[in-house]
A.B. asks: 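Can you read through this structure? Questions will come right after.
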Amino acid sequence: DGAAKRISFQFQCVTWKLEKSLAKIPFDQFQISEEVQEQVALVRAQLRRATERYGSLNSRKVSNAISQLPEKERSDTNHEISAKLDSIPESCTTLGHAADKETKILERVNSSSIPSDVCLSNEVDSKGQENLAAKGAEQTKKPDTLVIPVDFLCPISLELMRDPVIVATGQTYERSYIQRWIDCGNVTCPKTQQKLKNLTLTPNYVLRSVINQWCAKHNIEQPSGLANGRLKKSNGSFCDVSGDMAAIQELVSKLSSRCLEERRAAVAEIRSLSKRSTDNRILIADTGAIPVLVNLLTTDDASIQEHAVTSILNLSIFENNKSLIMLAGAVPSIVQVLRAGSMEARENGAATLFSLSLADENKIIIGSSGAIPALVDLLQNGSNRGKKDAATALFNLCIYQGNKGRAVRAGIITALLKMLTDSRNCMVDEALTILSILASNHDAKAAIVKASTIPVLIDLLRTGLPRNKENAAAILLCLCKRDAENLACISRLGAAIPLTELTKSGTERAKRKATSLLEHLRKLQQL
């Protein structure tokens with residue numbers, strides 16, 4: 001029974017990786033027949049059924065979330081069969097200005113008494129997204145002919161270990177995989193099936209040093225990290241961080257203290273350290289703090305919860321930490337924070353989801369977790385900063401086609417229309433940018449029209465800022481393509497005049513969109 005349980009867990013890890021690979025295939029960039037796409041869909045359905053049949057662990061939810069799509073979306077082979085990521089439209093000029101800039105996560109500077117720690121920049125574009133997705137956690141590279149020593153492989157993942165840890169039975173595993181095993185409620189050693197006397201994970205510095213030496217000897221690239229208390233810097237040099245590690249390990253141990261005040265002080269210090277530098281983010285994750293911080297997200301103490309979610313946000317800035325946070329099962333707890341936490345906790349929860357969603361496969365997991373309705377609620381009822389954080393996260397999640405329908409069902413169109421008609425005009429750019437990425441979805445298109453958004457968009461063509469006019473024209477073009485009824489509607493509302501003016505004085509992109517719309521209007525009149 002124990003061996004079967006371990007095999008089941010390994011199977012789930014494999015299916016999760018396969019699904020991640022399928023999710024990254026850019027079907028929309030290749031002329032792949034529907035028959036081939038259907039075969040891909042079949043493989044994913046088989047993976048899902050096999051996981052449901054053999055995988056009884058809680059972690060099954062992770063792999064299921066990757067492949068799970070609503071029934072209606074699965075039936076649309078043109079758009080929803082493959083877990084493709086739509087290319088970000090040119091309209092990303094607010095949450096992402098159309099200049100060639102990558103998405104950046106910067107330290108947030110706030111004048112409030114309890115400063116928020118991390119700020120999400122407003123710059124996202126399609127090339128930046130692809131580059132960031134490709135950067136991810138660097139995968140260990142090895143020549144095909146090279147045989148990795150068995151002792152260097154994690155017994156669970158069967159991959160070369162980069163962060164080996166020892167459990168109570170003396171067996172060594174990759175930290176992220178054994179932590180996931182424990183988080184699923186298992187109290188036995190996967191390899192020996194002996195009951196673990198304690199759940200302490202002790203870093204195996206000797207083995208890690210040997211692995212690093214072996215990798216260096218065979219010219220195998222390893223992720224930058226720790227080795228024998230020394231941290232590898234970007235320039236290739238090493239610095240001694242053994243003292244810092246000891247201090248951070250002591251802090252992490254206090255996160256589980258029975259004393260409430262001690263827990264508060266420890267998590268506040270972790271938050272502060274994680275804000276300061278990349279080195280700290282590496283060290284904190286290396287000491288196993290992430291799963292403990294995730295557990296603190298569900299605490300009843302508001303202060304601890306705020307510090308914990310902000311610490312996770314800060315840690316997620318370091319790319320390699322993103323996968324550790326996902327493996328620790330953080331998303332459901334972050335969603336809980338979004339629903340019931342303090343406003344600061346909700347703001348930083350939304351920012352964390354944006355940061356995690358920069359990895360393409362995470363967009364699917366987060367979208368399936370119930371995060372989108374919580375983000376839409378924050379978009380409607382949050383503070384000004386909370387609304388902006390929610391808008392940024394929703395925009396990034398809706399790059400994935402399957403999340404667009406979820407956003408529509410969560411009521412995002414009503415929220416966006418309210419933002420467009422707000423007399424203060426403080427979030428018109430954000431609303432238009434999200435609408436522009438939603439408009440390609442059939443359900444979203446119908447909801448936009450039903451909400452009487454077209455007259456508002458035409459009014460923005462007349463009175464909006466250049467960027468607003470550009471996005472409004474792009475959305476109208478998307479709504480009117482192959483839709484004579486919507487085309488006739490904008491004709492009746494007098495869109496031709498502001499569109500003509502836009503062809504003369506708008507941005508280059510606005511001119512293209514306006515010219516295309518006018519051509520459609522001329523064809524309509526000729527019918």
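Model, not experiment: these values are computed from the prediction.
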A.B. asks: CG of L353 to CD1 of I366: how many Å apart, nearest 0.5 Å?
C.D. replies: 5.0 Å
A.B. asks: Is there a side-chain contact between I334 and L356, using heavy atoms and a 4.5 Å cut-off?
C.D. replies: yes
A.B. asks: Please examine the side chains of K404 and D443, heavy atoms only from C-beta on, and report whether any two atoms are closer than 4.5 Å.
C.D. replies: no
A.B. asks: Side-chain contact, heavy-atom cut-off 4.5 Å: R385 with N348?
C.D. replies: yes
A.B. asks: Supply the atom-to-atom distance I284 CD1 to E269 CD, rounded to the nearest 0.5 angstrom.
C.D. replies: 9.0 Å
A.B. asks: For K387, what residues pass the side-chain contact (heavy atoms from CB on, under 4.5 Å) criterion, not counting sequence neighbours?
C.D. replies: M427
A.B. asks: Any sub-3.5 Å donor-acceptor pair from T298's side-chain atoms to N295's backbone N or O?
C.D. replies: yes
A.B. asks: Considering non-hydrogen atoms only, spot the tightest contact between I290 and A285 and give its length.
C.D. replies: CD1-CB, 3.9 Å
A.B. asks: Tell me, please, which residues at least two apart from A345 pass side-chain contact (heavy atoms from CB on, under 4.5 Å).
C.D. replies: Q305, E306, V309, V337, S342
A.B. asks: Would you please name every residue forming a side-chain contact (heavy atoms from CB on, under 4.5 Å) with R339, sequence neighbours left out?
C.D. replies: V335, A374
A.B. asks: Kindly indicate, with the supporting measurements, whether the criterion side-chain contact (heavy atoms from CB on, under 4.5 Å) is fulfilled by F152 and V210.
C.D. replies: CA-CA 9 Å; F152 294 179; V210 173; 3.6 Å; yes
A.B. asks: Is there side-chain contact between C215 and L160, with at least one heavy-atom pair below 4.5 Å?
C.D. replies: yes
A.B. asks: With a 4.5 Å heavy-atom cut-off, do R409 and P373 have their side chains touching?
C.D. replies: no
A.B. asks: Can a donor-acceptor pair be found, under 3.5 Å and without considering hydrogens, that links the side chain of S256 to the backbone of S253?
C.D. replies: no
A.B. asks: Please confirm whether the backbone N or O of T202 pairs with a side-chain atom of R175, one donor and one acceptor, at under 3.5 Å?
C.D. replies: no
A.B. asks: Output the distance between atom CD1 (I178) and atom CD1 (I166), rounded to the nearest 0.5 Å.
C.D. replies: 12.5 Å
A.B. asks: Could you tell me which residues satisfy side-chain contact (heavy atoms from CB on, under 4.5 Å) with S257, sequence neighbours excluded, listed by chain and number?
C.D. replies: C259, E262, R263
A.B. asks: According to side-chain hydrogen bond (donor to acceptor under 3.5 Å, both in side chains), who are the partners of T299, at least two apart in sequence or on a separate chain?
C.D. replies: none
A.B. asks: How close do S355 and S316 get, heavy atom to heavy atom, and via which atoms?
C.D. replies: OG-OG, 2.8 Å
A.B. asks: So C154 and E159, do their side chains get closer than 4.5 Å, heavy atoms only?
C.D. replies: no
A.B. asks: Is any side-chain heavy atom of I211 closer than 4.5 Å to one of M161?
C.D. replies: yes
A.B. asks: With distance as the sole test, does S357 use its side chain to make a donor-acceptor pair with the main-chain N or O of F354 at under 3.5 Å?
C.D. replies: yes
A.B. asks: Would you mind telling me which of L315, N280, T287, L293 makes a side chain to side chain contact (heavy atoms under 4.5 Å, CB included) with I270?
C.D. replies: L293
A.B. asks: Run the side-chain contact (heavy atoms from CB on, under 4.5 Å) test on I325 and T352 for me, step by step, so that the C-alpha distance in whole Å, both residues' side-chain angles and the decisive distance to 0.1 Å come before the verdict.
C.D. replies: CA-CA 10 Å; I325 293 169; T352 305; 5.6 Å; no
A.B. asks: Are Y173 and K191 side-chain neighbours, meaning at least one heavy-atom pair lies under 4.5 Å?
C.D. replies: yes
A.B. asks: To the nearest 0.5 Å, how far apart are CG in N204 and OG1 in T172?
C.D. replies: 4.0 Å
A.B. asks: Say whether, by atom type as modelled, one donor and one acceptor occur between the side chain of W181 and the main chain of C189 under 3.5 angstrom.
C.D. replies: no
A.B. asks: Can you list everything that forms a side-chain hydrogen bond (donor to acceptor under 3.5 Å, both in side chains) with N381? Sequence neighbours excluded, please.
C.D. replies: D377
A.B. asks: What's the shortest heavy-atom distance between D301 and I304, and which atoms?
C.D. replies: OD1-N, 2.9 Å
A.B. asks: Measure across A350 and L338 and return the closest heavy-atom pair with its distance rounded to 0.1 Å.
C.D. replies: N-CD2, 3.7 Å
A.B. asks: Rounded to the nearest 0.5 Å, how far does CG of L255 lie from NE2 of H307?
C.D. replies: 11.5 Å
A.B. asks: Please step through side-chain contact (heavy atoms from CB on, under 4.5 Å) for the pair L378 and M343, ending with a clear verdict.
C.D. replies: CA-CA 9 Å; L378 184 61; M343 185 52 65; 4.0 Å; yes
A.B. asks: Might you point out which heavy atoms bring C398 and N403 nearest each other, and give the distance in Å?
C.D. replies: SG-O, 4.1 Å
A.B. asks: In Å, rounded to the nearest 0.5 Å, how long is the span from CG of L196 to CD1 of I182?
C.D. replies: 6.0 Å
A.B. asks: Quick check: closest heavy atoms across V147 and W214, and the distance to 0.1 Å?
C.D. replies: O-CZ2, 3.8 Å
A.B. asks: Could you tell me if S383 and E347 have a donor-acceptor pair between their side chains, going purely by distance under 3.5 Å?
C.D. replies: yes
